[in-house]
Structures are given as C-alpha cells and as structure tokens.
Amino acid sequence: MSAQMFEGKDHAAIYQKHRFPPPQELLNIIFSYLEEKKGKPYDLVVDVGCGSGQSTQVLVPYFARVLGTDISEAQIQQAKQTPSPSQVSYCVCPAEALPVEDGSVDLLTAFTAAHWFDIPPFMRELERVLKPGGCVSLSSYTPKMRIHYGHCSEELTEIFREIQAVLNKYAHEKLHVLLSEYQEIFDLMPFPDKKRIIFQGSEISFTVAGLMGFLQSFSMFQTFKNAQPEAAEALLQQTQSRFLETMKVSSLETPLAITLEYICVLACKTPKEKVTS
C-alpha cells in the first residue's frame with residue numbers, strides 16, 4: 001500500500017498553499033512523448049497521488065476527462081475546494097487500486113508522488129488501466145535545489161542544504177526511491193518502450209515567506225514537527241532569520257527564486273499487434 005504521509009488537514013492546507021504545479025518544460029516533455037507514441041484524441045488522464053490538485057488542473061486543457069486520485073482524504077478535500085471545469089473529478093483511493101476500467105486510460109501521471117507508492121502492485125495496476133498505446137509519466141523534483149538572490153545565492157543554497165540535512169533524519173524510507181532518481185521505478189516499469197530523463201528546471205519565483213511555507217510542506221518537516229513541535233518551530237524561525245540576515249533585508253515578502261532538478265520516467269504500453277493472414 002502507498003505510504004500515507006500527507007493525511008492531516010493542516011498539512012494538506014500547507015501543501016495546497018505552498019506547492020506549485022509542474023513546470024511547462026516538464027509538460028512539454030510529457031506531451032511530446034504522448035503525441036509521438038499515441039497521438040490524439042486524448043480522452044482520459046488519471047493523475048495519481050494528485051495531492052491538493054495543482055498538477056491535475058494543468059492537465060485540463062488536453063483531455064476530455066480528468067481524474068485526480070489520492071490516498072489522503074484531506075488532500076482530496078483541498079483539491080475539491082478549487083473551482084474546476086466539469087470534466088474534472090477527484091477520488092480518494094490507493095494508487096494500486098484505481099477506480100477505472102481496464103484499458104481505458106490514455107495517460108497516467110504522478111507528479112512528486114510515485115516514490116510513495118507500493119511500486120510492484122502499482123505497476124500491475126498500470127498494465128491494467130492503460131489503453132494499448134497509452135502512456136505513463138512518473139516525475140518529481142529532487143532535493144537538489146538552488147536558491148537565487150543577488151550575490152548571496154551560494155550562501156542561501158548552503159543554508160537550505162544544512163536544513164535538509166537536519167530533516168533527513170526524519171525522512172521516510174520510501175524517499176530512497178527519489179534519492180536514487182527513480183532508477184528503481186524505471187527498472188520495474190513493465191513496458192520495454194521506456195526512458196528516464198533528468199533535467200534542470202527554470203527559475204520559480206518565491207518570497208522568503210513562501211519558501212518557508214514550502215519547507216513546511218515537506219513530509220520530513222511534518223514528521224519532525226509531530227515528534228518535536230517546539231524544536232521544529234525553532235528550526236523554522238532560525239532558518240527564516242538566517243535568510244533575512246544573509247540577504248540583508250527585513251521583509252518576509254522579499255522575492256527570490258529557486259531552481260530544481262527534475263526526473264521523469266516515461267513509458268508506453270505496447271499496442272497490440274495486428275494479426276495478418
């Protein structure tokens with residue numbers, strides 16, 4: 001069964017506020033692959049581990065039907081609070097048991113989620129739900145993050161890496177899949193037509209306050225907070241102060257930017273061969 005790391009209502013609200021949708025360069029990679037392997041029309045996309053729906057919403061312009069699923073009821077409740085077109089629906093369910101018919105899915109996506117799945121049964125479910133010629137994209141950003149602000153970018157990046165090192169003590173065992181850059185996911189993908197792409201994303205605009213919110217959305221920070229709430233709050237305040245001092249500013253609304261490394265495993269379910277006489 002998938003790991004349940006984003007269950008609480010407070011965590012779901014932080015996730016909805018401070019997480020961001022997939023970058024356009026990742027979407028370009030996914031849809032170029034889908035066009036090459038399957039082509040239009042695109043009927044049904046299933047976004048698995050959709051969280052509070054940021055990734056699901058970006059798929060709307062491309063598909064007649066869009067289904068976002070997540071094992072967390074709190075996350076799905078957050079997703080449903082966002083106004084959505086009529087072709088979008090959400091469902092609470094595990095990644096390994098999706099509420100769709102056999103061979104019905106054109107594209108299955110999981111953004112920053114697949115490393116939480118129980119991978120072998122999820123791969124069997126993938127084989128079941130994809131149409132012949134249907135595609136899958138399992139992607140995430142990695143912990144290799146850089147922060148950009150004037151002449152102190154390197155110093156800010158180092159501060160953030162120090163905080164990551166502290167939080168790594170509270171990391172779930174499933175994060176090893178992410179740290180290995182989805183090599184295990186690629187190896188277990190049941191379709192021979194597959195590839196793994198690693199690339200550097202464009203800058204994402206943040207404020208200092210927004211970056212602190214992003215930090216709080218990490219599963220390992222929430223684990224730390226649940227175990228030691230006062231220590232977690234102290235770490236957050238200390239990090240915030242170090243950022244402001246290094247940047248020589250006082251406002252939490254001061255803009256900065258981050259860049260992230262992304263990984264994407266793409267695969268296509270081989271179409272059934274035509275029988276020739």
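Residues take their numbers from the sequence shown, with the count starting at 1.
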Side chain to side chain, E73 and I76, heavy atoms closer than 4.5 Å = no

One should read off an interatomic distance between E127 CD and E125 CD, to the nearest 0.5 angstrom, of 10.5 Å

Main-chain N/O of G134 paired to K269 side chain as donor or acceptor, under 3.5 Å | no

Would you mind telling me which of T69, V48, V100 makes a side-chain contact (heavy atoms from CB on, under 4.5 Å) with C93?
-> T69

Fit a plane to each ring of F243 and F160, take the angle between them on a 0 to 90° scale, and name the class: parallel (under 30°), tilted (30 to 60°) or perpendicular (over 60°).
-> perpendicular

Taking the six-membered ring of F186 as reference, does the NZ or CZ atom of K194 fall below 6.0 Å from its centre and within a 45° cone about the axis?
-> yes

Would you indicate whether the side-chain heavy atoms of V45 and D106 approach each other to under 4.5 Å?
-> no

Per side-chain contact (heavy atoms from CB on, under 4.5 Å), Q87 is matched among L44, L67, V60 by V60

Starting at CG of L179, measure out to CG of N168 and round the result to the nearest 0.5 Å.
-> 7.0 Å

Can the ring centroids of Y42 and Y62 be said to lie less than 6.0 angstrom from one another?
-> no

Which residue, L26, T112, I204, L178, forms the side-chain contact (heavy atoms from CB on, under 4.5 Å) with Y141?
-> T112

Between atom CE of M220 and atom NZ of K225, what is the distance when rounded to the nearest 0.5 Å?
-> 16.0 Å

Within a strict 4.5 Å, meaning less than it, do heavy atoms of the E35 and K40 side chains meet?
-> yes

Approximate separation, where rounding is to 0.5 Å, of I119 CD1 and I185 CD1 | 4.5 Å

In terms of the angle between their ring planes, are F117 and F122 parallel, tilted or perpendicular, with boundaries placed at 30° and 60°?
-> tilted

So, does D70 use its side chain to make a donor-acceptor pair with the main chain of G51 at under 3.5 Å?
-> yes

What is the distance from atom SG of C264 to atom OH of Y182, rounded to the nearest 0.5 Å?
-> 9.5 Å

